[in-house]
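It should be emphasised that the depicted structure is a prediction, and the values quoted were computed from it without experimental measurement. These values consider heavy atoms only, across backbone and side chains, with no hydrogens, waters or symmetry-generated copies. Proteins get letters first, then strands, A, B, ... in listed order; numbering begins at 1 in each.
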Amino acid sequence: MTRVRFAPSPTGFLHIGGARTFLFNWLYARKLGGTVVLRIDDTDTLRSTDASLQSILQGMEWLELDWDEQYYQSKRLQLHIDAAHALLKKGAAYRDFVPASTDDPKDHSETKVSWTCNPGERERSVEESDRLAAEGKPFVIRFRVPREDPKGVAFKDMVFGKQFRKYVDMEDFALLRSDGNPTYHLATCVDDGDLKITDILRGQDHLTNTFKHVLIFEALGYETPTFGHMPLLLGPDGSKLSKRKHGPIVSVTNYRDAGFLPQAFINFISLLGWSSKDNQEVFSLEELRAKFNAADILRTNSIVQFDENDAVNWAPPKAVWLNGQHLRSMPVEKLIKYVNPELIKAGWWQDEFEGDPDILKKIDAIRSRFNMLGEFQQRGAAYFCDEFPTEDKAVENLDKDNARELLRGLADPLEALADFSHDTVEATLRAYAEEKGVKAGLLINGSRAALTGQSVGPSAFEVFDLIGQEKAVQRLRAV
RNA sequence: GGCGCUAUCGUCCAGGGGUCUAGGACAGGGCCCUCUCAAGGCUCAGACACGGGUUCAAAUCCCGUUAGCGCUACCA
C-alpha cells in the first residue's frame, strides 16, 4: 500500500514550491490508489505560527487536492526522543559533550577542513558517558557513522538514479539537541517510519541528506521508503525561490487572489520540473493523474518567470495563458463556482442568477476573451447589471458620423421584432443599414458600444441576444 | 575547502549515438480569418556552456574546465 506525505512547516504561507511538492506526491499516490498523509512539521516552536498553518491549509484547500490523514509533529515528540535513546542504547549513537560550535556555519573559507566528528567523543566508553550524563553535563546525541567501514550508503532515487556516498564523507550528524529536542533529520525519519510512509517525493535540497536518513531508517529497523528528489524552483534571478528573497509573489494564495483557477495553477506547476514527454501542455487534473510518472521528473532546476516589480502583470505569462485555456475549456456549469464570487464581489449578484441558463450563456460568451477570473469583474458589468461605464474607445465608435442617431432609430425595428435572436437581429440591422445607406460595420460596432460600453467583446449580434430585446432597445435609445 | 547534483531558444519542456539544416509551448514580429477584441490557423526570429577525447558518425557517451545549485548546523 502506497503512502506518501506532505510535511510543510508552518513558518510562512504555502509557497509555490511547496504546492508542487504536494501536487507531485498527490498525483503519485492517487495514481496508485495510495494514501496521502499531511503532517504539519511544527517542531520549530519559535518560528511556527497558527496564522501560517491557516494560510497553508487555505492554500491547500484552494488547490482542491485532498488528503486522508493528518498529524502534528509536535504531538509526537516523545516518539522522537525515545528513538534517539534507543539508538544510544544500541550503540548506533553516542553522546557528544562538546558545546555547540559558535563558528558561522556559512563560513566556507579555504582554511576550513571538512568536519566529521568532534575528536574523542565517539570513542568514550558507555560507563564514562553515562556518568557524565548523570552529572548533568549537557550533551548532544550524534549518529555513529561507521567510518571504519570502507563502504558507504547507497539508495536508488526515482529521479536521480543510483546514489552512493562513502561513510568517510559523512559527518556524525546530530539526532537530539542538548535541550532535548530532536533535530529535523531524526524527527522526520521517525515519523516517516512510524507512519509507514512508503514513498517520499521532496526537494533536491534533501538529496544529500537522504544518506543520513537511510542510516536512521536502518538503525531504527524501519522499512526505508523509496525516495524521489525534485529539482528546485528558482526565481528570475536564478536563486532558489524563497519567501524571504522573492516575497509574497511565491505565495499560492497570491495566485488565487489574482484570479487563477486552481486547475490552471496546478497545470502550471506540474510543468515545472516534469513533462509528459509528448509535448502536451494543457492538462486537466484527471489527465495529470493518468500521465504522471515520477521517472519523468526532470533533474534540472527551473526558473519561475514572474515579475516582482510589476504589481499588475507579475504572474508568469505561461501561467496566465494556461489559465485562459482552462477558463475556456472548463464546462460552464463547473466554472460558475469560480465566477459567481466575482459577481458577488462586484456587487452584481442577484439571487435569480442561481441556476439561470441566461447567466451561464453570458459567462460562456465572454469568457473566451478572458484569461483571469478578475476580468469578469473588470469587464463584465454590462452583462450583469444596468450600470456600466463607457470606455473612451466605445465613445469614439458612437461619435462616428451620425452613429448615435442611427442607433436610436435602429431601436424601433428591433423592438418590433417578434422573434429576437442573433439571426433576426443581424437581418434587421443589415437591412436598416442598407436603407440608411451606411456600412453595417458602423452600426455593428456602435451597437456593441451602446450595449456594453466597450469597443471590444463578443460579436455584436451575440451581444444583442445576450442582453435581451428589452434592455437592448433601452440602451440603444439611451445613446 | 570537502562531497554531490545539474548544464538545449529569453522562459518552460521534447530529443539521450545517424531520422537534428535540433521539435513543441509561452512571450515577441508578421500574415490569414473578421463587425471589434480575443480565440483559432499559418509564419518569422530564437538554443545544444566551453575544451578535449571515443566513434565512420556526438546535442546525445567519456574526461576536463567553467557556471549554477545543494549538503557540509545542536536550521528545516
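- In this structure, A:Arg448 does not reach the B:C35 phosphate: none of its side-chain N or O atoms is under 4.0 Å from OP1 or OP2.
- The distance between atom CZ of A:Phe155 and atom C1' of B:G4, rounded to the nearest whole Å, is 10 Å.
- For A:Asp278, the salt bridge (charged side-chain N to carboxylate O under 4.0 Å, His left out) test picks out A:Lys291, with sequence neighbours left out.
- The interatomic distance linking A:His213 (NE2) with B:A76 (P) rounds to 11 Å, in whole Å.
- Between B:C13 and B:G17, the distance separating the two C1' atoms is 22 Å to the nearest Å.
- Following rounding to the nearest Å, A:Gln325 (CD) and B:G40 (C1') show an atom-to-atom distance of 10 Å.
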Can you give me the dot-bracket string for RNA chain B, 5' to 3', counting Watson-Crick and G-U wobble pairs with both distances under 3.5 Å, using [ ] for crossing pairs and | for partners on another strand?
(((((((..((((....[....)))).(((((.......)))))....(((((..]....))))))))))))....

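- Atoms CD (A:Gln163) and C1' (B:G70) sit 12 Å apart, rounded to a whole Å.
- With P as the reference atom, B:C61 and B:U6 are 11 Å apart, rounded to whole Å.
- Between A:Leu233 atom CG and B:C5 atom P the separation is 21 Å, expressed in whole Å.
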Counting primed atoms plus P, OP1 and OP2 as sugar-phosphate and everything else as base, spell out the protein contacts along nucleotides 6-20 of chain B at 4.0 Å heavy-atom distance: B, S or - for each nucleotide, 5' to 3'.
SS---SBSSS-----

List the steps and the verdict of side-chain hydrogen bond (donor to acceptor under 3.5 Å, both in side chains) for A:Arg379 and A:Thr452.
CA-CA 9 Å; A:Arg379 299 170 54 197; A:Thr452 68; over 6 Å; no

